[in-house]
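Input: a single structure, listed below in structure tokens.
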Amino acid sequence: MIVLGIEGTAWNLSASLVNDDTVLYEVSAPYVPGSGGIHPREAAQHFASNITGVVRQALSSTDISSIDGVAFSQGPGLGPCLRIVGTAARALSLRLRVPLVGVNHCIAHIEVERWKTDLSDPIVLYVSGANSQILSYRDQRYRIIGETLDIGVGNCIDKLARSAGFSHPGGPTVEKLARRSHNYVPLPYVVKGMDLSFSGLITAAKQALKSVCVDDVCFSFQETAFSMLVEVTERALSQTGKSKLLLAGGVGANIRLQQMLSVMCEERGARFYPPKLEYLQDNGAMIAYTGLLMLKHGVHTPLEMSGANPNFRPDEVEVLWINN
Ligand code: AMP
Ligand code: MG
């Protein structure tokens, strides 16, 4: 089976073709904000201007008649961006006369890494721009067993970088500056059971920029936010009895976060290894592959159900492709 997948929830417009075994082709046209953070209307305009070229390039890499389905990111994400991608996917499905399948972006992050590693039945720490969740599979669903109560850790990092005068995305810059410091200034650490709150942390970190050097703020921010994430992730491993950890989402690229998770996993005998950057970041292959799994298990999305779903939660999806 060959599936065309289109990702476009926020910043990366990406189309990919996959079969059961491998990524056959991938092409991306990322949106980079001129200034400030991601502006939904500007991102959608970028997607609208580039989607024809991106899809045409992907299609030209294969014999069109070999495509068995069209998958697209249905949510969660920015409404204006999701609508561009959904419209293109609907048109392609009608034109190619193949089924359409709307994919949950968070589940796609998990499935592409399960495909590329041997981490079956892991605890998942999913940390991206807008999302921070801890998930565990049970009885045909990825259950959200912990999550942020306010903003995602990635958005928090991007806000900190912007306040310090750096461009979007802030993650790599904050990581670089943090590496220059070992001076911890206390910042709010807010864990409530299995849930997390980052809004007080970002307010305090932005305030600290007025009196503390930026390297120390970045270091202290990372140590605080990542300790919070590691604490709930360890509790998830402990409470479920699972022994593998899968890290997903763009913030997962951070080497300090990976180190802290490695130490925690080593200490409790759990298995973890840092994933490849190409699958941590948003990519078309993850949508295409998850679409392939869904189509193989008889799931497709009728046109009238294919609208954008900006608040699509992973636990809404019945996971039919795992047999236990
Ligand atoms: P995603 O939404 O999964 O594409 O992830 C995007 C988020 O990941 C943005 O908030 C980035 O700032 C963040 N990010 C990217 N690289 C890093 C890094 N090295 N450290 C921390 N955050 C990062
Ligand atoms: Mg993502």
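Ligands are counted one by one from 1 in listed order, and the atoms in each one are counted from 1 as well. Sequence positions, counted from 1, serve as the residue numbers for this chain.
Near Gly170, meaning under 4.0 Å from one of its heavy atoms, ligand 1 places the atoms 12 (O). Every atom of ligand 1 with a heavy atom of Pro169 under 4.0 Å away is listed here by number and element: 11 (C), 12 (O). Under a 4.0 Å criterion applied to the non-hydrogen atoms of Asn254, ligand 1 contributes the atoms 19 (N), 20 (N), 21 (C). Annotation for ligand 1: atoms under 4.0 Å from non-hydrogen atoms of Gly249 are 3 (O).
In this structure, a donor-acceptor pair under 3.5 Å is absent between the side chains of Asn12 and Gln281. Checking Asp216 against Ser181 by side-chain atom types alone, a donor-acceptor pair falls below 3.5 Å.
Remark: minimum distance from atom 4 (O) of ligand 1 to any protein heavy atom is reached at Trp11 NE1, 2.7 Å. The protein atom (non-hydrogen) at minimum distance from atom 9 (C) of ligand 1 is Asp158 OD2, 3.5 Å. From the protein, the heavy atom lying nearest to atom 13 (C) of ligand 1 is Val251 CG2, 3.9 Å. Of all protein heavy atoms, the one closest to atom 22 (N) of ligand 1 is Gly171 CA, 3.4 Å. In this structure, the protein non-hydrogen atom closest to atom 6 (C) of ligand 1 is Gly129 N, 3.9 Å. Regarding atom 19 (N) of ligand 1, its nearest protein heavy-atom neighbour is Glu175 OE1, 2.8 Å.
The local environment of CZ in Arg179 is crowded, with over 12 non-hydrogen atoms from other residues, nucleotides or ligands closer than 6.0 Å. Atom CE of Met1 sits in a crowded spot, with more than 12 heavy atoms from other residues, nucleotides or ligands closer than 6.0 Å.
Only protein N, O or S atoms were considered, and those under 2.8 Å from the Mg ion (ligand 2) are His105 NE2, His109 NE2, Asp282 OD1.
Distance check, rounded to the nearest 0.5 Å: CE of Met194 to CD of Gln133 gives 12.0 Å. Summarising the geometry, atom CG belonging to Leu100 is positioned 8.0 Å from atom CG belonging to Leu94; distances are rounded to the nearest 0.5 Å.
Counting only non-hydrogen atoms, the option in Gly250, Gly252, Ala225, Gly154 that gets closest to atom 3 (O) of ligand 1 is Gly250.
Residues passing the salt bridge (Lys or Arg N to Asp or Glu O under 4.0 Å) test with Glu147 are Arg313, sequence neighbours excluded. Listed by chain and residue number, nothing satisfies the side chain to side chain donor-acceptor pair (under 3.5 Å) test with Thr240 (two or more places apart in sequence, or in another chain). Residues forming a salt bridge (Lys or Arg N to Asp or Glu O under 4.0 Å) with Lys296 (at least two apart in sequence, or on another chain): Asp20.
Between Tyr31 and His46, the ring-plane angle classifies as tilted under the 30° and 60° cut-offs. Ring pair Tyr126/His105 is tilted by interplanar angle, where 30° to 60° counts as tilted.
Ligand 1 has no N or O atom lying under 3.5 Å from any N or O atom of Phe226, backbone or side chain.
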Can you check side chain to side chain donor-acceptor pair (under 3.5 Å) on Gln74 and Ser306, steps first, answer last?
CA-CA 7 Å; Gln74 196 170 11; Ser306 67; 5.7 Å; no
